[in-house]
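So that we are looking at the same thing, I have put the structure below in structure tokens.
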Amino acid sequence: MAELRHSSSLGSRASSSPMKRDDDSSPLVPDSRPFDDDGGGGRHSSSRDRDRPLWSQLHSLWPPHFSDDPRVAPHGSRIAIFLLLVVALVGLISIFSIVRHLNAPYLCRKDGIVLHCPRVKEPTSLWENPYSATTSWKPCAERLDGGISNVPPENETNGYIFIHAEGGLNQQRIAVLYLLYQFLNLNEKTQLVGIFGWMSLIIHASTASICNAVAVAKILNATLILPVLKQDQIWKDQTKFKDIFDVDHFIDYLKDDVRIVRDIPKWFTDKSELFTSIRRTVKNIPKYAPAQFYIDNVLPRIKEKKIMALKPFVDRLGYDNVPPEINRLRCRVNYHALKFLPEIEEMSNSLASRMRNRTGSQNPYMALHLRFEKGMVGLSFCDFVGTREEKAKMAEYRQKEWPRRYKNGSHLWQLALQKRKEGRCPLEPGEVAVILRAMGYPKETQIYVASGQVYGGQNRLAPLRNMFPNLVTKEELATKEELDGFRKHVTSLAALDFLVCLKSDVFVMTHGGNFAKLIIGARRYMGHRLKSIKPDKGLMSKSFGDPYMGWATFVEDVVVIHQTRTGLPEETFPNYDIWENPLTPCMCRA
């Protein structure tokens, strides 16, 4: 912005410079005004030129070898024709490049960690991305009506596959909670990252595991047994697939892609064997395995045993090493086949409507995914503002829960500084408030908060609430009686938060995580029009750490840094996560 102001001021000064004013009388530039020897011929020659035919005027400008001399006419004609052909060819190429440029889809490109986006002439808006930047791509993973099914009858597939969609609602869509327990060294209730932390893991886990299960069934030409959601050992949640998702819609929507059955076949009498028998379980599947791995290692066992369980199933299918149609199928499952039950959809619509009508008139609202629970703060090993007592308790907590990483604590300060510089620390509520205000969001902004219990309680939340007093949660929007019907399944409450965030005018994440990735990806798939703000925590840490930076400079930095971090169309790269950026192959040029 500063460069633009500087260049514009230089341009305005240059236009009035003495050098510019003297250009017309420069001895180095021939005078273009016609004249003759008597001093007044300029007017007469101009009059005669106006009366001459255009072709004659052009002809007089040609060099001598274009004259009518018969000795040079054939040679000059050939040169003239050649030049005309060159000019025509250049013109056609120029027209083609211009048309191609006008029709080229808007696409941001990454240069390292910097995102470069094409310029748009529309004024910036707080609540939606520029229209011209969001109309170049459209979702194209949906089922084609009237398409020809190539799914064989159930008795002609290669066999049956069965998976535990381990984790919660979200991770059962994509991953597994059991391994997260092991990774975090969880033991019952001492290391919980807060109920919402688990709920967000739950959302992402179920999504990916189910999407990947359908994709693997397609690769193997196998029949998929409806996934079983692994029972949560901490919250004792007994949620089944049918308690969250519309089973009929799921099976019907995918009927032309994969054969899906509701239960283990009746002829397989010992159903418990699928949960316990090593002979019936395919293990040691590498993370992000290619499609060929399943064909070479899993398919022979399915053909032999006719029914096999796949376990574990966390990210056991890659993105770059599978056919594009398989990735498109995963998007079809995620964005079209997996529908929440009607009562969940209806309640989420009611909550979103209440957010927009809290002031008695229609207002846009923001959804804030605030990840600052005690477990998240502890696991991050970052340093945050607090009293000595708070820091001592956090050090004790980390030493108890992550002894191998904590060691004696002497290296943690340097580690915390490095992680903050790299943008790997969760944003504090106060930091979020300052960033949002710098972006231009007023005090009256309606904000829906999807969060667990904030570390530090109301004292830590106070700066955010003071700057944006209209903070609400689903518990404040709905009555106890309305939510009681969803409390029997923790995953149902997670689904409500997920949908209200998805329907918001602006979604803001404060820390990485599968929950936020899935929402951003879904909003992109819906057309990129909805803003999904992903703060640049690394650059923000530098600004927050500069005691000499004024407010105006800080505002300019925030606006410039985040004008491209709002969920615009962004090119994909090797090992990209299609759940966060489904641009290709799940979206096509409009």
Given the ring of F384, does R420 sit roughly above its face, with NZ or CZ under 6.0 Å from the centre of the six-membered ring and within 45° of the axis?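 Relative to the ring axis of F384, which defines the angle, R420 lies inside both limits.
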How long is the span from the CZ atom in F245 to the CZ atom in F340, to the nearest 0.5 Å? 5.0 Å
Any side-chain heavy atom of Y576 within less than 4.5 Å of one from L583?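 No. Closest side-chain heavy atoms not under 4.5 Å.
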If we count only N and O atoms by modelled type, under 3.5 Å, do the side chains of D497 and Y448 hold a donor and an acceptor together? yes
Does any donor atom in the side chain of S532 or R523 lie under 3.5 Å from an acceptor atom in the other side chain?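 The answer is yes; a qualifying pair exists.
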Taking C-beta and beyond as the side chain, do F486 and I344 meet within less than 4.5 Å on heavy atoms? yes
Would you kindly say whether Q362 and R356 are connected by a side-chain donor-acceptor distance under 3.5 Å? no
Treating S136 as the side-chain partner and Y106 as the backbone partner, does any N or O pair qualify as donor plus acceptor under 3.5 Å? yes
Any chance the SGs on C140 and C586 are under 2.5 Å from each other? no
Where does the angle between the aromatic ring planes of F372 and Y455 fall among parallel (under 30°), tilted (30 to 60°) and perpendicular (over 60°)?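 Rings of F372 and Y455: tilted, 30 to 60°.
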Will you find, in the side chains of W579 and Y319, an N or O donor that is under 3.5 Å from an N or O acceptor? yes
I'd like to know if the side chain of H336 pairs up with that of Y525 as donor and acceptor (distance under 3.5 Å, no hydrogens or angles considered).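 Side chains of H336 and Y525: pair found under 3.5 Å.
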Can you tell me which residue among H511, E431, E422 is in a side chain to side chain donor-acceptor pair (under 3.5 Å) with K537?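 Exactly one pass, corresponding to H511.
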In terms of side-chain heavy atoms, does E122 have a donor or acceptor partner in S132 at a distance below 3.5 Å?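 Short answer, yes.
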So, T566 versus N129: side-chain donor-acceptor pair below 3.5 Å or not?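 Note: T566 and N129 side chains meet the donor-acceptor criterion.
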For E476, is there an ion pair with R354 - N to carboxylate O distance below 4.0 angstrom?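 No, R354 and E476 are not salt-bridged.
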Modelled atom types, side-chain donor and acceptor of N212 and R316, under 3.5 Å: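 Note: N212 and R316 side chains miss the donor-acceptor criterion.
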Side chains of K517 and N581 only: does a donor on one sit below 3.5 Å from an acceptor on the other? no
